[in-house]
S.K.: 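My questions will all concern the structure given below.
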Number of protein chains: 2
Amino acid sequence: MKLTSKGRYAVMALVDLARFDNINPVSLRDISLRQGISLDYLEQIFSKLRKKEIVQSVRGTQGGYVLNRKAKDIKLTNIFDAVDEKVKTVQCKKESKKGCNGKSTKCLTHNLWDELENHINNFFKEKSLEDLVKDNSERRL
Amino acid sequence: MKLTSKGRYAVMALVDLARFDNINPVSLRDISLRQGISLDYLEQIFSKLRKKEIVQSVRGTQGGYVLNRKAKDIKLTNIFDAVDEKVKTVQCKKESKKGCNGKSTKCLTHNLWDELENHINNFFKEKSLEDLVKDNSERRL
DNA sequence: TATAAACCTGACTAAAATAGTCAAGTATCA
DNA sequence: TGATACTTGACTATTTTAGTCAGGTTTATA
Ligand code: FES
Ligand code: FES
């Protein structure tokens, strides 16, 4: 089980953005330089974040991105959802009554993986961008 | 983030094994048929489980595998560890003081991913094979 | 009004990981 | 002595990841 770079970068970039997002939009170029993430890759990521209304874009010179809601109202779940970083513990379709290997019933461990998925998702539902920014400035003291 | 088939199969197979493991060893062929997992793949998996002393093998006709410890003493952690299904939320080396993209310090989100990793691993540390077998027979009532 | 900064879009690709298969054994029971 | 079942190691197709690349459009400001 591993977290992909896309998901990790999305959160990293948003924490960076949230810290500098006062009045002026923050450019991807700045984030790219500060966080060491490829600019082209960031553009892919922010395109998705924008479509899911997590950030707003400001075009033109001096443009950049701004948070579209308050940091405390942006949960990790929202971010991961936006960039398609989803937790997947099973192969079988959840809706379907069929099991993993085309079997007619759910397998012996299906319930376990469901629990696991919930366990992980709960973590993502609780953490907000605000928490992360705070965590970070506290550590700095 | 997703769980690989190898990890899922390992647990599936062991739950199956634990249920039938009374006096006689259980053959991979039986597990393969019951669970719909390729025999060759199961062999790879059990080879690892044996090396980590989670199961014992009995060669020859009527041979198969037997649990090497009590079901309640086999945790998910042990199983995943044996088959190299590890939780990895970061790229950076944990021991090193360096950050993800070759930076000299840990990044803004490093601490978060550490928390996440622990959160997930805690789940694995708690669940034992016995729990899974019980869960399953209860559901059957 | 020209120019540069910054967003925007879609296609492309190298490398890694996954999910197996395949082949050729060895051990043991009946 | 045959059948069953474990043992080992190499091999491979497919998918996913982690980007790159090329070519735009928009807008502030000098
Ligand atoms: S995991 Fe859903 S049926 Fe096996
Ligand atoms: S995750 Fe460890 S430094 Fe970024």
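Quick note on labels: first sequence line is chain A, next is B, and so on, each numbered from 1.
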S.K.: If you find the nucleotide of DNA chain C closest to A:Phe46 and the one closest to B:Leu39, which residue's nucleotide is nearer the 5' end?
M.R.: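 The answer here is A:Phe46.
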S.K.: Could you tell me which non-hydrogen atom of A:Lys52 sits nearest to which non-hydrogen atom of A:Arg69, and how far apart they are?
M.R.: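 Looking at all heavy atoms of both residues, the shortest contact is O-NH2, 4.1 Å.
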S.K.: A:Lys106: which residues meet the salt bridge (charged side-chain N to carboxylate O under 4.0 Å, His left out) condition with it, sequence neighbours left out?
M.R.: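 Partners of A:Lys106 under the salt bridge (charged side-chain N to carboxylate O under 4.0 Å, His left out) test: none.
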S.K.: If you assign B:Leu3 and A:Asp30 each to the DNA chain C nucleotide with the nearest heavy atom, which residue ends up on the more 5' nucleotide?
M.R.: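 With B:Leu3 and A:Asp30 compared, the 5'-side residue is A:Asp30.
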S.K.: Got a salt bridge between B:Asp114 and B:Lys94, using NZ or NE/NH1/NH2 to carboxylate O under 4.0 Å?
M.R.: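 Yes.
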S.K.: Enumerate all atom pairs, one protein N or O and one N or O from nucleotides 27-30 of chain C, separated by less than 3.5 Å.
M.R.:
unit_1 : atom_1 : unit_2  : atom_2 : d
C:dA27 : O4'    : B:Arg59 : NE     : 3.2
C:dA27 : O4'    : B:Arg59 : NH2    : 3.4
C:dT28 : O2     : B:Thr61 : OG1    : 3.4
C:dC29 : O2     : B:Thr61 : OG1    : 3.1

S.K.: Ignoring the backbone of A:Tyr9, work out which of D:dG19, C:dG20, D:dT7 is nearest its side chain.
M.R.: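 For the A:Tyr9 side chain, the nearest candidate turns out to be D:dG19.
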S.K.: Regarding A:Asn68 and A:Glu53, do their side chains bring together a donor and an acceptor under 3.5 Å, going by distance alone?
M.R.: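 No - no donor-acceptor pair under 3.5 Å links their side chains.
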S.K.: Provide, to the nearest angstrom, the distance between the CG atom belonging to A:Asp40 and the P atom belonging to C:dC12.
M.R.: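 Interatomic distance, CG of A:Asp40 to P of C:dC12: 16 Å.
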S.K.: Would you mind reading off the distance between A:Gln91 atom CD and D:dT15 atom P, rounded to a whole angstrom?
M.R.: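 The answer, rounded to whole Å, is 12 Å.
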S.K.: Looking only at side-chain N and O atoms, does A:Tyr65 come under 4.0 Å of OP1 or OP2 in C:dA6?
M.R.: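 Answer is no, no contact under 4.0 Å.
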S.K.: Look only at the side chain of A:Thr89 and the backbone of B:Leu3, and say whether a donor-acceptor pair between them is shorter than 3.5 Å.
M.R.: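 Looks like no, no N/O pair under 3.5 Å.
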S.K.: Salt-bridged, B:Lys48 to B:Asp84, with N to O below 4.0 Å?
M.R.: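 Salt bridge flag = yes for B:Asp84 with B:Lys48.
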S.K.: Check the distance between D:dC11's P and B:Tyr41's OH and give it to me in whole angstrom.
M.R.: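 Going from OH in B:Tyr41 over to P in D:dC11 covers 19 Å.
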S.K.: Take atom CZ of B:Arg29 and atom C1' of D:dT7, then tell me their distance rounded to the nearest Å.
M.R.: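 Taking atom C1' of D:dT7 as the reference, CZ of B:Arg29 is at 18 Å.
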S.K.: Counting only side-chain N and O atoms of A:Ser47, is one of them less than 4.0 Å from OP1 or OP2 of C:dC8?
M.R.: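 A:Ser47 to C:dC8 OP1/OP2: no side-chain N or O under 4.0 Å.
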S.K.: Taking atom P of C:dT18 as reference, at what distance in whole Å does atom CG of B:Asp84 sit?
M.R.: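 Whole-Å distance recorded here is 10 Å.
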S.K.: Between D:dT20 and A:Gln44, counting only base atoms on the nucleotide and side-chain atoms on the residue, is there a donor-acceptor pair under 3.5 Å?
M.R.: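 Pair found.
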S.K.: Which whole-number value in Å describes the distance from B:Lys2 NZ to D:dT17 P?
M.R.: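 Distance, rounded to whole Å: 4 Å.
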S.K.: Out of D:dT7, C:dC8, C:dG20, which nucleotide sits closest to the side chain of B:Ser57?
M.R.: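 Comparing D:dT7, C:dC8, C:dG20 against the side chain of B:Ser57, the answer is D:dT7.
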S.K.: Would you say B:Thr4 places a side-chain N or O within less than 4.0 Å of OP1 or OP2 belonging to C:dA17?
M.R.: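 For C:dA17, OP1/OP2 do not have a side-chain N/O of B:Thr4 under 4.0 Å.
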S.K.: Check the distance between C:dA17's P and A:Met1's CE and give it to me in whole angstrom.
M.R.: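 Rounded to the whole Å, the gap is 17 Å.
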S.K.: What is the distance from CG of B:Leu42 to P of C:dC22, rounded to the nearest Å?
M.R.: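 From B:Leu42 CG to C:dC22 P: 16 Å.
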S.K.: Under 4.0 Å between a side-chain nitrogen and a carboxylate oxygen: does that hold for B:Lys127 and A:Glu115?
M.R.: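 A:Glu115 and B:Lys127: salt-bridged.
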